[in-house]
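A short write-up of the structure that comes next.
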Amino acid sequence: QEELVESGGGSVQAGGSLRLSCSGNKFSFGNHCMGWFRQAPGKEREGVATLQPVGEPNVADSVKGRFTISRDNAKNTLDLQMNDLKSEDTATYYCAADWRAYCPGGVLRVSDVRYWGQGTEVTVSS
């Protein structure tokens, strides 16, 4: 059984919105530093947003003002609201968690990820 399961991906035209959701039942999301990553074809996996149990979210400059990360502790879900989508946002999006309750520097890095989801595809057409 997967620790993290993403949903909400799909195809949308530029300027549209999608909401990704990550769920799991192996650990409490509110006790871990968690985040979203994405990987476009032929490119490295990159961090999109980080949310720690305490403190402000950290969002990559490329999506700042358009993407919002949030967590629902009661439902044990981590969401990524994506607005004003652009063709360059096309990628497979992954939910991820560190085993710690904090991320150094407030940013979850690939090397610190303990749990990965299977990914959900987002395609933005111009």
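As a basis for the values below, the full set of heavy atoms in this structure was taken, side chains included, without hydrogen atoms, waters or symmetry mates.
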> Does the pair Lys64 and Asp61 meet the rule for a salt bridge (charged side-chain N to carboxylate O under 4.0 Å, His left out), with working shown?
Replying inline: CA-CA 5 Å; Lys64 195 165 293 183; Asp61 288 341; 3.1 Å; yes
>> As a quick check of understanding, evaluate side-chain contact (heavy atoms from CB on, under 4.5 Å) for Thr50 and Cys33, giving each step before the final call.
In response: CA-CA 7 Å; Thr50 299; Cys33 177; 3.5 Å; yes
> Going through the distances and angles, do Asn58 and Glu56 end up as a side-chain hydrogen bond (donor to acceptor under 3.5 Å, both in side chains)?
Replying inline: CA-CA 7 Å; Asn58 185 290; Glu56 294 297 315; over 6 Å; no
>> Between Asp89 and Arg38, does the salt bridge (charged side-chain N to carboxylate O under 4.0 Å, His left out) criterion hold? Intermediate values first, please.
In response: CA-CA 9 Å; Asp89 295 320; Arg38 67 185 182 185; 2.9 Å; yes
> Could you go step by step and tell me if Leu4 and Phe27 meet the side-chain contact (heavy atoms from CB on, under 4.5 Å) rule?
Replying inline: CA-CA 10 Å; Leu4 300 174; Phe27 57 90; 3.8 Å; yes
> Would Asp72 and Thr77 satisfy side-chain hydrogen bond (donor to acceptor under 3.5 Å, both in side chains), going step by step from the backbone distance to the final call?
Replying inline: CA-CA 5 Å; Asp72 187 324; Thr77 56; 4.9 Å; no
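Contact check on Arg71 versus Asp79 returns no salt bridge, with no Lys/Arg side-chain nitrogen under 4.0 Å from an Asp/Glu carboxylate oxygen.
Note: Tyr115 and His32 have perpendicular aromatic rings, judged against thresholds of 30 and 60 degrees for the angle between ring planes.
In this structure the side chain of Arg45 never reaches within 4.5 angstrom of the side chain of Thr92, judged on heavy atoms. Residues Cys95 and Met34 form a side-chain contact, since some pair of their non-hydrogen atoms from C-beta on lies under 4.5 Å apart. In this structure, Trp36 and Cys22 have side chains that are in contact, with non-hydrogen atoms separated by less than 4.5 Å.
Qualifying ring-ring contact (aromatic ring centres under 6.0 Å, His included) partners for Phe37, counting only residues two or more places apart in sequence or in other chains: Trp116.
Atom CD of Gln13 sits in a sparse spot, with 12 or fewer heavy atoms from other residues, nucleotides or ligands closer than 6.0 Å.
Taking both residues in full, the closest heavy atoms of Gln118 and Glu6 are given as OE1-OE1, 2.8 Å, listed atom of the first, atom of the second, then distance.
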